[in-house]
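Below you'll find the structure, written out as structure tokens, and then a few comments.
Atoms within each ligand, like the ligands themselves, are counted from 1 in listed order. Note that the structure is a prediction, hence the values are computed from the model and not measured.
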Amino acid sequence: MLGLVFDIDDTLYCRQDMLVKAAETVLGTRVDDPLHFIKIFYDKSDINMKDLESGRITTREINGWRYEETFKALSLPYKNGDGVLSADAYLELQSHMALSDDMIRTLDALATNPEIRLAVLTAGESEHQRHKVDMLGLDRWFDRENVIVSGETGFSKPDIRLCRTVEEKLGLKPAELWMIGDSYKHDITGAMDSGWHTIWINRSSLPKPDRLPDFEVTTDQELTSLLRTQFT
Ligand SMILES: [Mg+2]
């Protein structure tokens, strides 16, 4: 028996495109280097993730702040309040989001394999992440109790206690588990420290880390084809 544990954002669907598009809509200008934009936005996201998970600040507030910090760092033309407007535009885009056909076919194939159990391990605030689970229709493949949102546990990625929670829920040993995620720091190191296997979606083609994951891919297509080859 194997357990495949998926991160949601930028793993099951591509969140980065929506974050940049929302900013471009509000600012009325193109972001020249989307990967650099995302790198700064995600660096800022690390700073107050704990406050978000504990509910001390809302997703809207924090995303508004992250946007304005990113605009500032990139010298993009913005006025006060454009951050929150971008956060709202991003939420609006999210309300139409969907998994790719390729990902749907892959999850369908994985879900019919009796030797595989599926779970989700996602960081963030409970209500926001649960809404995403509903929007993406993830209950088709993932039992609700196997969807773990860090904000509901009191632990933040990459705390290995999150991995222990998943092991308990799925009734599987560390060596039977695979973490699939885009953040080396949050998804991959915690899983490695827990003795899990790992698949890293290195979307920004970051340099090779010291500790290598079992597999590294850079695109959605590479990910789905790897999952089908390895697990179906
Ligand atoms: Mg992610």
Side-chain angles (χ1 to χ4, degrees), residues 4-22 34-50 52-53 59 62-63 66-67 70 87 90-91 93-94 97-100 103 106-107 118-136 138 141-142 146-153 155-160 162-163 165-166 177-194 196-206 209 213-224 226-227:
L4 302 186
V5 185
F6 291 84
D7 167 54
I8 295 183
D9 296 305
D10 289 320
T11 295
L12 284 173
Y13 78 100
C14 186
R15 174 184 187 232
Q16 301 187 353
D17 297 349
M18 282 194 273
L19 282 168
V20 174
K21 198 171 159 204
L35 282 180
H36 190 207
F37 184 98
I38 288 298
K39 183 181 181 311
I40 296 172
F41 189 92
Y42 282 8
D43 284 348
K44 300 294 175 192
S45 304
D46 280 357
I47 295 171
N48 37 22
M49 192 52 148
K50 277 199 162 46
L52 177 67
E53 286 169 337
T59 301
I62 204 174
N63 276 343
R66 290 164 177 170
Y67 268 120
T70 308
Y90 165 61
L91 260 194
L93 288 173
Q94 275 203 328
M97 71 183 176
L99 298 185
S100 70
M103 182 54 85
T106 304
L107 289 173
L118 298 174
V120 162
L121 179 54
T122 181
E125 170 206 15
S126 173
E127 198 186 332
H128 185 71
Q129 292 306 96
R130 292 280 172 197
H131 179 64
K132 243 181 248 177
V133 168
D134 293 340
M135 288 301 313
L136 292 170
L138 297 187
W141 307 281
F142 302 90
N146 294 339
V147 174
I148 290 117
V149 182
S150 64
E152 296 168 5
T153 65
F155 310 127
S156 295
K157 285 184 179 181
D159 193 319
I160 65 165
L162 285 168
C163 292
T165 307
V166 177
L177 285 153
W178 286 77
M179 181 73 212
I180 299 132
D182 67 292
S183 167
Y184 185 82
K185 180 177 165 193
H186 295 109
D187 300 315
I188 304 304
T189 62
M192 283 175 164
D193 290 343
S194 304
W196 292 18
H197 298 282
T198 51
I199 299 174
W200 181 31
I201 309 146
N202 182 6
R203 288 185 186 274
S204 321
S205 297
L206 297 173
D214 293 274
F215 294 102
E216 180 183 327
V217 296
T218 54
T219 64
D220 294 315
Q221 288 77 8
E222 276 177 38
L223 175 64
T224 48
L226 174 71
L227 290 171

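- Among L118, L136, V5, the single residue meeting the side chain to side chain contact (heavy atoms under 4.5 Å, CB included) criterion with F142 is L118.
- One of the N, O or S atoms belonging to D182 lies under 2.8 Å away from the Mg ion (ligand 1).
- Between the side chains of R15 and Y90, at least one donor N or O lies within less than 3.5 Å of an accepting N or O.
- Not one N/O/S atom of D10, from backbone or side chain, sits under 2.8 Å from the Mg ion (ligand 1).
- The residues D43 and K39 are annotated as salt-bridged, a charged nitrogen and a carboxylate oxygen being separated by less than 4.0 angstrom.
- When you scan the N, O or S atoms of D7 for the one nearest the Mg ion (ligand 1), you land on OD2.
- Between D9 and Y42, the side chains place no donor N or O within less than 3.5 Å of an acceptor N or O (distance only, hydrogens not considered).
- The Mg ion (ligand 1) sits nearest to atom O when only the N, O or S atoms of D9 are considered.
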